[in-house]
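Just follow the structure's listing: the first ligand is 1, and inside any ligand the first atom is 1.
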Amino acid sequence: MILIIYAHPYPQHSHANKRMIELAGTLPNLEIRSLYQLYPDFNIDIAAEQAALSRADVVVWQHPMQWYSVPPLLKLWMDKVLAHGWAYGEGATALHGKSVLWAVTTGGGEQHFDIGDNPGFSVLGQPLQATALYCGLRWLEPFSMHCTFICDDDTLSTQAQAYQQRLANLLEVQHG
Ligand SMILES: Cc1cc2nc3c(=O)[nH]c(=O)nc-3n(C[C@H](O)[C@H](O)[C@H](O)COP(=O)(O)O)c2cc1C
C-alpha cells in the first residue's frame with residue numbers, strides 16, 4: 001500500500017500538485033492524507049497518522065517547495081508523528097523496512113538552486129533523507145517537478161502522468 005502525505009497549504013489554488021494528486025488517486029491500494037484539509041488548525045491526530053503509516057509499504061511526502069523547504073504543517077507532522085519510542089529510539093521499529101518517496105514541485109528551474117555555499121537541488125533533500133534513514137525508512141530516488149510557474153498545461157499533465165507511472169511501478173514492485 002502507498003500512503004501519500006500531501007502537504008499543500010492552498011490545495012484549491014494548486015496547478016501542479018492538484019494534477020499529481022488527481023492522477024495518483026486513480027491508482028488502487030493508495031491512500032492520500034491531505035494534511036492541510038485534515039488539520040486546518042494544525043492539531044494533528046498523531047495516533048491516526050501513525051496508524052496510516054503502519055498500513056503503508058511506501059510513504060510519499062508530496063508538497064510544493066516553500067523557501068527551499070517543506071510547508072510548516074509537514075514539518076510539524078514530522079515533529080509529532082515520527083515520535084521517539086515509535087519511529088526512532090531503542091526498540092522502535094514501526095517504520096523499519098518501509099520506503100519513502102519525496103515528491104516535490106518547485107517554482108524555480110535549475111538555476112534557482114545554484115546559489116549558496118552548497119548549491120544544487122539534491123542538497124535540499126538531505127534533511128528529509130537523513131530523517132527517513134534515521135527512522136529505518138529506505139530512501140527512494142526523489143520525484144521532482146520544476147519550473148511550475150512557467151509550465152503550460154500539457155507539460156504539467158505529462159509530468160503528472162510520469163508521477164502516476166512512478167507510483168504504479170512502486171505498487172507493482174510491492175505486489176511482486
Ligand atoms: C511561501 C512560498 C514559498 C516558496 N518558495 C519556493 C522556493 O524556495 N523555491 C521554489 O522553487 N519555489 C518556491 N515557491 C513556489 C512553489 O514551490 C510553487 O508555486 C509550487 O511548487 C507550484 O505547485 P502548485 O501548482 O501545486 O501550487 C514558493 C511558494 C510559496 C507560496
Which residue and atom name correspond to the protein heavy atom nearest [atom], and how close is it?
| atom | value |
| --- | --- |
| atom 31 (C) of ligand 1 | Q66 NE2, 3.7 Å |
| atom 11 (O) of ligand 1 | G108 N, 2.8 Å |
| atom 8 (O) of ligand 1 | Y68 N, 2.8 Å |
| atom 5 (N) of ligand 1 | W67 N, 2.7 Å |
| atom 10 (C) of ligand 1 | H112 NE2, 3.2 Å |
| atom 14 (N) of ligand 1 | M65 O, 3.3 Å |
| atom 19 (O) of ligand 1 | F149 CE2, 3.3 Å |
| atom 22 (C) of ligand 1 | T148 OG1, 3.2 Å |

Distance under 4.0 Å to a non-hydrogen atom of H15: what atoms of ligand 1 satisfy this? 24 (P), 25 (O), 26 (O)
Check ligand 1 against H8 and write out every atom of the ligand that is under 4.0 Å from a heavy-atom position of the residue.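 Matching atoms, with element in brackets: 24 (P), 26 (O), 27 (O).
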Distance-only polar pair, side chains of Q62 and Y163, donor-acceptor under 3.5 Å: yes
Checking the N or O distance criterion of under 3.5 Å, is ligand 1 in contact with [X]?
| X | value |
| --- | --- |
| K18 | no |
| G107 | yes |
| P64 | no |
| H13 | no |
| Y10 | no |

Is the number of heavy atoms from other residues, nucleotides or ligands within 6.0 Å of CD (E22) greater than 12?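 More than 12 within 6.0 Å, yes.
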Surrounding NZ of K18 (heavy atoms of other residues, nucleotides or ligands, distance under 6.0 Å), is the total greater than 12?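 For K18, atom NZ is not crowded (no more than 12 foreign heavy atoms under 6.0 Å).
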Hey, is H146 touching ligand 1 through its side chain, its backbone, both or neither, going by heavy atoms under 4.0 Å? neither
Using a 4.0 Å heavy-atom cut-off, say whether M145 meets ligand 1 through its side chain, its backbone, both or neither. neither
Could you check whether any side-chain N or O of [X] sits under 3.5 Å from a backbone N or O of [Y], counting only pairs where one atom can act as donor and the other as acceptor?
| X | Y | answer |
| --- | --- | --- |
| T155 | C151 | no |
| Y36 | L73 | yes |
| S14 | N17 | yes |

Rounded distance [0.5 Å steps], [atom1] in [X] versus [atom2] in [Y]:
| X | Y | atom1 | atom2 | value |
| --- | --- | --- | --- | --- |
| F143 | Q165 | CZ | CD | 11.0 Å |
| L137 | Q129 | CG | CD | 11.5 Å |
| L74 | I5 | CG | CD1 | 8.5 Å |
| M145 | R19 | CE | CZ | 8.5 Å |

Out of S69, S14, P9, whose heavy atom sits nearest atom 24 (P) of ligand 1?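 Of the listed residues, S14 has the closest heavy atom.
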Give the single entry among N17, L156, I21, T105 that approaches atom 21 (O) of ligand 1 most closely by any heavy atom. T105
Check: K98 and R138 side chains under 4.5 Å, non-hydrogen atoms: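 A side-chain contact under 4.5 Å is absent here.
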Answer whether the closest heavy-atom distance between the side chains of P119 and F113 falls below 4.5 Å. no
